[in-house]
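Read the structure below first, then the notes.
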Protein chains: 2
Amino acid sequence: MEAAAPQSLTRADEAFDCLQTAIVKGDLAPGEKIGEVELCARFNLTRGPLREALGRLESRGLMVRRPHAGVKVVSVSAQELMELYHIREVMEGLAARQAAERMTDQEIADLQATLDSHETMIEQAQGQAYYQAEGDYDFHHRIATGSRNTKLAQMLLGDLYYMVRMYRYRLSTSSGRPHRALGEHRRIVEAIAQRDGELAEFLMKRHINAARKNIEQKISDGLLNI
Amino acid sequence: MEAAAPQSLTRADEAFDCLQTAIVKGDLAPGEKIGEVELCARFNLTRGPLREALGRLESRGLMVRRPHAGVKVVSVSAQELMELYHIREVMEGLAARQAAERMTDQEIADLQATLDSHETMIEQAQGQAYYQAEGDYDFHHRIATGSRNTKLAQMLLGDLYYMVRMYRYRLSTSSGRPHRALGEHRRIVEAIAQRDGELAEFLMKRHINAARKNIEQKISDGLLNI
DNA sequence: TTCCATATTGTTGTTAACAATAATGACCTT
DNA sequence: AAGGTCATTATTGTTAACAACAATATGGAA
């Protein structure tokens, strides 16, 4: 399929993207044992690039692979999901602090404008939580890159977010508390605009902590079955 | 070479380990462009498993690979090394906090015993900083696994430590302040033994922060050329 | 009927040959 | 002489065939 071939992208990269999005979207169910040839057929690939992609996925913790026994999508327990949020809390706290020190004024202005558009989206389509989820992702994405900490951004964007998003799709948008989250986003950006790194870190940590407790609550109420 | 074939380990894993240690030890210089066939010859591999290992290394940020242009070991600037320490600070702080909550009494006792052996090592072989470096690695390794946070341990042990160790070898043991570091280790373990997570987190963050400033100082003094 | 051993089968791991692309050098033009 | 363009070459990316291993099913014995 060379319909949407962007640029000189290798087949292995293609395979990697395909599989990653498939996992995140839930097209490949966690725990499901899946053969290589079946994957090849499903994504129009050959085993060489597929294997390379599989290795990368495994290295990122999205798949587990026992020698000669096949691969399967990793299944994360509720407990492990909470652990992911604990990691996010400290790492994104750091990202917010460094972003407050390093983002350009232009970037901060753009970020504020983004929040405005998120607000109108939420008001217009209340209930359509999809935009909120995307907006939330966009917000955290910008903070991560704004930290100018290459490795930090790489770990957040390349590792953690994919695992979290994997559950976002299944839980149909994590929080369901769009207004409150947006308010918290605004306060974080205000702190960044004032170049108050400590405050930005504190607010970001509290923000993610709140999100974690929200999910924890839902799970204990039996509203979410992971 | 089946001289030291431990167990049913796939060739790709073998290749991955070989390359990773070669990078960490400095046998593969950063920035050096190296061909696949040359790597195959050097490590007695074929291109299939090598390629898979290369993909994993790239995904972990230890190598960069431009399509059709070859691979090269990533070269990290002094600034980026400092960023790694910032990340370690928050992540290992979290690890220490969770370790204080979750390590077994036995594990804590073992950890204390390990510190004792480190102390005798330092006293006996003052100057032989290698053991100190290994001991330091061992200490942080135990805390990471003791957190019972799978993903956190994976990120620390699988990603960050390798990049840091890569420079340890080049700088011939980072700190050169063994006694002070050991004292800090002791206080951290004390906090863990008392199940004081907050204190353990605080002490661990301060410990890594001190290590970072130590290196920063050496760099600004021109004692280290990265 | 249940348990174990064995052979089969289907899978993964590996290898080597093939094709495509980018780097390199020579030649021509300005 | 300097710059650019084109052909060559060497490297990477890909493919398909081969080998090895593990899971499974079948048959027999207790």
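Computed over heavy atoms, backbone and side chain alike; hydrogens, waters and symmetry mates excluded. Letters go in sequence order (proteins before strands), and every chain restarts at 1. None of the values given here were measured: they were computed from a predicted structure.
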Is Lys151(A) salt-bridged to Glu83(B), cutoff N-O under 4.0 Å? no
Using heavy-atom distances to pick each residue's nearest nucleotide on DNA chain D, tell me which of His68(A) and Leu45(A) is more 5'. Leu45(A)
Would you call Arg148(B)-Glu107(B) a salt bridge at under 4.0 Å N-O? yes
Nucleotide dC21(D), atom P - distance to CZ of Arg65(A) in whole Å: 17 Å
Rounded to the nearest angstrom, tell me the gap between atom CD1 in Ile34(A) and atom P in dT11(C). 12 Å
Per the under-4.0 Å heavy-atom filter, residues of residues 47-55 of chain B near DNA chain D come out as Arg47(B), Arg51(B)
When the distance from CD of Glu36(A) to P of dC18(D) is rounded to whole Å, what number comes out? 19 Å
Result for 5'-nearest mapping on DNA chain C, choosing between Val37(A) and Thr46(B), is Val37(A)
Round to a whole Å and report the spacing from CD of Glu58(B) to C1' of dT12(D). 13 Å
Checking the side chain of Ser59(A) only, and the main-chain atoms of Gly55(A) only, is there a donor and an acceptor separated by less than 3.5 Å? no
Measure the acute angle between the ring planes of Tyr137(A) and Tyr161(A), then classify it against the limits of 30° and 60° as parallel, tilted or perpendicular. perpendicular
Apply side chain to side chain contact (heavy atoms under 4.5 Å, CB included) to the pair Asn149(B) and Ile87(A), showing each step before the final yes or no. CA-CA 9 Å; Asn149(B) 190 329; Ile87(A) 302 174; 3.8 Å; yes
Name the residue closer to the 5' end of DNA chain D, choosing between Gly70(B) and Arg66(A) according to the nucleotide with the nearest heavy atom. Gly70(B)
At under 4.0 Å, does any side-chain N or O of Thr10(A) touch on OP1 or OP2 of dT14(D)? yes
Counting neighbours of CZ on Arg195(B) that are heavy atoms of other residues, nucleotides or ligands and sit closer than 6.0 Å, is the number greater than 12? yes
Can you check the Glu38(B) CD to dT11(D) C1' distance for me, whole Å? 12 Å
